[in-house]
> 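To start, I am sharing the structure in question, which I have written as structure tokens.
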Amino acid sequence: MKKRYGQSLIETTVALGVILTGLAGAITLISYSLRSSTASLNRMVALNLSWEGVEAAVNVRDSNYLAGAAFDNGLNSGGDQTAIAVFDPLSGWSFDFAPNAFADDTTVLYQQGGLYRQATVPPAGPTSVFRRLLIVDPSVPDQIRVLSTVQWRDGSATRQVRAERILYDW
């Protein structure tokens, strides 16, 4: 039997190639899976924050009804329709009509004690990737259209979700 020098080197090189190809595929799959789960989580949080903006308007309307005030008290600024929803634990929800675009710093949502908050003066706590802006449109008598949009950055892309509801004067 004749010895073949170098054959084991070729076999080793081929085996390493197969192993590295398998590892590269697995790493790519894991990386894609992590990016997808982060994107799904951000979308779910954004959807909830969007509905929270709409529900804040519902809360203000219902509180007005219980207090015997006009249904649109605090929801109608007279002309400006863009707002942020501000929550105060003592007084509840209110709307600040100063911000007009997502570029305004007050549209940023801050994380505070596990909750997301917006305020005219930035609260303590880290900022989140989310921004929320509401359009409160009282142009039709006895109803208000509320459109809550949440925007966030996902890598190099800007994503957004919207929730909409029409509130009526009961």
> Which residue, Asn42, Leu47, Asn48, forms the side-chain contact (heavy atoms from CB on, under 4.5 Å) with Met44?
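In the set Asn42, Leu47, Asn48, the residue that makes a side-chain contact (heavy atoms from CB on, under 4.5 Å) with Met44 is Asn48.
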> I'd like to know if Leu167 and Tyr65 are part of one continuous hydrophobic network [Ile/Leu/Val/Met/Phe/Trp/Tyr, side-chain heavy atoms within less than 4.5 Å].
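No, Tyr65 and Leu167 fall in different hydrophobic clusters.
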> In terms of side-chain heavy atoms, does Tyr110 have a donor or acceptor partner in Gln118 at a distance below 3.5 Å?
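Note: Tyr110 and Gln118 side chains miss the donor-acceptor criterion.
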> If you apply the rule side chain to side chain donor-acceptor pair (under 3.5 Å), what do you find for Asp80 with Ser77, and how did you get there?
CA-CA 6 Å; Asp80 188 4; Ser77 72; 5.2 Å; no
> Check for a donor-acceptor pair, side chain of Arg153 on one end and backbone N or O of Ser156 on the other, with a separation under 3.5 Å.
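Yes.
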> Any non-hydrogen side-chain atom of Arg131 less than 4.5 Å from a side-chain atom of Val150?
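Of all side-chain heavy-atom pairs linking Val150 with Arg131, none is under 4.5 Å.
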> May I ask whether Trp93 and Val136 are part of the same hydrophobic cluster, defined by side-chain heavy atoms of I, L, V, M, F, W, Y residues being less than 4.5 angstrom apart, directly or through others?
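Yes, Trp93 connects to Val136 through the hydrophobic network.
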> Could you check whether any side-chain heavy atom of Leu133 comes within less than 4.5 Å of a side-chain heavy atom of Pro99, counting everything from C-beta outward?
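When only atoms from C-beta onward are counted, Pro99 and Leu133 do touch, with a gap below 4.5 Å.
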> Which heavy-atom pair separates Val54 from Ala163 by the least distance, and what is that distance?
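It is CG2-O, 3.7 Å.
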> Running the 4.5 Å side-chain criterion over Ile, Leu, Val, Met, Phe, Trp and Tyr, what cluster does Leu115 land in, apart from itself?
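Besides Leu115, the cluster holds no residue at all.
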> Should Thr107 and Arg132 count as side-chain neighbours, where that means a heavy-atom distance under 4.5 Å?
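Contact flag for Thr107/Arg132 side chains = no.
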> If two hydrophobic side chains count as joined below 4.5 Å and joins carry through other members, does Phe87 share a cluster with Val60?
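Result: yes, single cluster for both.
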> Do the side chain of Thr13 and the main chain of Leu9 share a donor and acceptor less than 3.5 angstrom apart?
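Looks like yes, one N/O pair under 3.5 Å.
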> Side chains of Ser91 and Asp88: do they bring a donor and an acceptor to under 3.5 Å?
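Short answer, yes.
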> Indicate yes or no for a side-chain donor-acceptor contact from Thr28 to the backbone of Ala24 under 3.5 Å, with no hydrogens or angles considered.
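Yes, the answer is positive, given that a donor and an acceptor are paired below the 3.5 Å cut-off.
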> Would a distance-only check, ignoring hydrogens and angles, find a side-chain to backbone donor-acceptor pair under 3.5 Å from Asn64 to Asn73?
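Answer holds: yes.
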> Exactly one of Ile135, Leu134, Asp137 should register a side-chain contact (heavy atoms from CB on, under 4.5 Å) with Val146. Which one does?
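Going through the options one by one, the only one that passes is Leu134.
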> Is there a side-chain contact between Gln81 and Pro138 (heavy atoms, below 4.5 Å)?
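Result yes, sub-4.5 Å side-chain heavy-atom pair found.
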> Can you check whether Ile144 reaches Ile166 side chain to side chain, under 4.5 Å on heavy atoms?
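With C-beta onward as the side chain, the pair stays apart.
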